[in-house]
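Please read the structure below before turning to the comments.
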Number of protein chains: 2
Amino acid sequence: MTAADTLRSRGLRLTRPRRIILDVVRSTDTHPTAASVYRRVRRKLPRVSLATVHRNLRQLATQGLLVERSAADGMRFDGNTGVHDHFTCVACGRIYDVPARPRSAVRRRMASSTAFEVFDYRMEFYGRCGACRRRRTRSPLTRHQRRTYGRQEP
Amino acid sequence: MTAADTLRSRGLRLTRPRRIILDVVRSTDTHPTAASVYRRVRRKLPRVSLATVHRNLRQLATQGLLVERSAADGMRFDGNTGVHDHFTCVACGRIYDVPARPRSAVRRRMASSTAFEVFDYRMEFYGRCGACRRRRTRSPLTRHQRRTYGRQEP
DNA sequence: TGGTTATTGGTAATCATTATCAATTAGACT
DNA sequence: AGTCTAATTGATAATGATTACCAATAACCA
Ligand SMILES: [Mn+2]
Ligand SMILES: [Mn+2]
Ligand SMILES: [Zn+2]
Ligand SMILES: [Zn+2]
């Protein structure tokens, strides 16, 4: 089932902006912000509106064609919809995919020891990535710099 | 070492607004937003400014007297600074503390299989809490309602 | 090739957080 | 207890991110 079919089967249309936005998110593993997606989409479609990017990221996530993840510095989007975990480098801000560990054991233990019905869980690792370990540590970003720029997208 | 001593040893002062803000966050396990803390602080200090609440939550988190956590609906604050995990009920939005599982094994495995140096990790569980399992499911909140109100604080 | 209607671009509105600044006051030291 | 000094406050403006609105456009179906 292609993305176009998924959309059309729900009465949605695969417009040019929507297709390019989906392509941009799917063709990277950097977990871009909406602003970053906007910058990249404009290279192919200079007249696109920032509102269109926001609208489509939200819509495409609702339709399951990409994943919306909240990170410490705001919302990010992930074209990898498979089950996987993430590692955030606290030095450079990059977010890496890491393979998920088997989930069933954790869910069983959680469900049997509490009144909670666990549908899913998420693991986030924090530390320093290989590149940053080899390099002298730079001064950390300010709160505002983290939110606005985030070193993972040059 | 009391909170007042921690602050004074770093040239900071324990003012009345700051003490009340810290008390409010420490005396609940609902992981309140800044807006929610503001509402509760105003009951004791009606003339407090929202900016003062934001400033102090940030400062107190920087000093390690409370923890700042990003959730799907925005930033939240946790008076429990010990190691623990969280369960988010997708039906009512409440965030519950859950005991942490032993950390060393996970960190060792992660560090040995990748180039990442893991300082810490975070687990978030998602599902339905006991109260919501017993009760008929209500209609889900809108995006805006989730961000602003969040059912966990009535 | 039309006709319907989802979608777009442009822009205003909203929301959360941060910045600014004159007035206040906690804490240290007489 | 009174004085001093700098941290802090309340009020408000500014900022950044996201959402709402609406007339114009264009995707898709018959
Ligand atoms: Mn990912
Ligand atoms: Mn907690
Ligand atoms: Zn790094
Ligand atoms: Zn619940």
Side-chain angles (χ1 to χ4, degrees), chain A residues 2-22 32-39 41-42 44-63 68 70-77 141-150, chain B residues 2-22 32-39 41-42 44-63 68 70-77 141-150:
Chain A
T2 171
D5 295 334
T6 301
L7 292 172
R8 254 173 306 175
S9 72
R10 303 179 196 183
L12 304 176
R13 297 171 183 177
L14 188 60
T15 63
R16 196 159 135 71
R18 181 167 291 167
R19 183 179 52 70
I20 294 176
I21 290 165
L22 182 57
T33 61
S36 169
V37 173
Y38 176 57
R39 285 195 296 273
V41 170
R42 272 211 294 191
K44 296 239 169 217
L45 205 66
R47 305 196 50 92
V48 74
S49 162
L50 175 57
T52 297
V53 172
H54 274 286
R55 262 190 313 245
N56 278 284
L57 289 172
R58 186 162 27 124
Q59 178 68 282
L60 292 168
T62 301
Q63 302 305 323
E68 198 174 6
S70 71
D73 60 347
M75 212 55 89
R76 288 167 177 278
F77 298 89
L141 300 175
T142 67
R143 202 182 181 78
H144 178 248
Q145 284 173 328
R146 271 202 309 277
R147 299 188 93 100
T148 306
Y149 302 114
Chain B
T2 172
D5 295 334
T6 301
L7 291 172
R8 254 173 308 177
S9 73
R10 303 178 195 182
L12 305 177
R13 298 172 182 176
L14 187 59
T15 63
R16 196 160 135 70
R18 181 168 291 168
R19 184 178 52 71
I20 294 176
I21 290 165
L22 183 56
T33 61
S36 169
V37 173
Y38 175 56
R39 286 195 295 274
V41 170
R42 272 212 294 190
K44 296 236 172 222
L45 206 68
R47 303 195 51 91
V48 73
S49 162
L50 175 58
T52 298
V53 172
H54 274 286
R55 263 189 312 245
N56 279 284
L57 288 172
R58 185 160 30 122
Q59 177 69 281
L60 292 167
T62 301
Q63 303 305 324
E68 197 173 7
S70 72
D73 59 349
M75 212 56 89
R76 287 166 178 277
F77 298 89
L141 300 174
T142 68
R143 203 182 181 79
H144 177 248
Q145 285 173 328
R146 274 201 307 277
R147 299 188 92 99
T148 307
Y149 302 114

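For clarity, every value in this text was computed on a predicted model and none was experimentally measured. Chain identifiers are assigned alphabetically (A, B, ...) following the order of the sequence lines, protein sequences preceding nucleic acid strands; residue numbering begins at 1 within each chain.
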Checklist line | Spacing of B:Arg8 atom CZ and B:Thr6 atom OG1 [to the nearest 0.5 Å] | finding: 10.0 Å

Checklist line | A:Ile20 CD1 to A:Thr52 OG1 distance, which is reported to the nearest 0.5 Å | finding: 11.5 Å

Item checked: Candidates D:dT18, D:dA7, C:dG9 - which lies nearest the side chain of A:Met75 -> D:dT18

Check: OP1 or OP2 of D:dT9 sitting under 4.0 Å from any side-chain N/O of B:Thr15?
Finding: yes

Notebook entry, point to check: What integer distance in Å separates B:Arg42:CZ from D:dA11:P?
Noted result: 11 Å

Checklist line | Side-chain touch B:Met75/B:Leu57, heavy atoms, less than 4.5 angstrom | finding: no

Note to self: Reading DNA chain C from 5' onward, which residue's closest nucleotide shows up sooner: A:Ala51 or B:Leu14?
What the structure shows: A:Ala51

Checklist line | B:Arg8 vs C:dA28: side-chain N/O to OP1/OP2 distance below 4.0 Å | finding: no

Notebook entry, point to check: Base, sugar-phosphate alone, or nothing: which one does B:Arg55 contact when heavy atoms must sit under 4.0 Å apart?
Noted result: base

Next item on the list: Using only side-chain N and O atoms of B:Thr52, determine if any of them is under 4.0 Å from OP1 or OP2 of D:dG10.
Entry: yes

Check: In whole Å, what is the span from the CZ atom of B:Arg58 to the C1' atom of D:dT9?
Finding: 14 Å

Next item on the list: For A:Asp5 and D:dC28, give me the distance from atom CG to atom P, rounded to whole Å.
Entry: 11 Å

Notebook entry, point to check: Which whole-number value in Å describes the distance from A:Tyr38 OH to D:dG16 C1'?
Noted result: 15 Å

Check: With a 4.5 Å limit on heavy-atom distance, are the side chains of B:Gln63 and B:Gln59 in contact?
Finding: yes

Notebook entry, point to check: NE2 of A:His54 versus P of C:dT14: gap in Å, rounded?
Noted result: 18 Å

Item checked: B:Leu45 CG - D:dT9 P separation (whole Å) -> 10 Å

Note to self: In whole Å, I'd like the distance from the CD1 atom of A:Ile21 to the C1' atom of C:dG9.
What the structure shows: 12 Å

Next item on the list: With the side chain of A:Arg13 defined as its heavy atoms from C-beta on, choose the nearest nucleotide among D:dC28, D:dA20, C:dA19.
Entry: D:dC28

Margin query: Counting only side-chain nitrogens and oxygens, does A:Arg18 get under 4.0 Å of the OP1 or OP2 atom of C:dT7?
Written below: yes

Next item on the list: Take the protein atom CZ of A:Arg19 and the nucleotide atom P of C:dT7, then report the distance between them rounded to whole Å.
Entry: 16 Å

Notebook entry, point to check: So, is B:Arg47 near the phosphate of D:dA11, with a side-chain N or O under 4.0 Å from OP1 or OP2?
Noted result: yes

Margin query: If you only use heavy atoms from C-beta on, which nucleotide in D:dT9, D:dT8, C:dT7 is closest to the side chain of A:Leu12?
Written below: C:dT7

Next item on the list: Just compare D:dT5, D:dA11, D:dT18 and give me whichever is closest to any side-chain atom of A:Leu50.
Entry: D:dT18

Check: Hey, does B:Pro17 have a side-chain heavy atom less than 4.5 Å from the side chain of B:Leu45?
Finding: yes

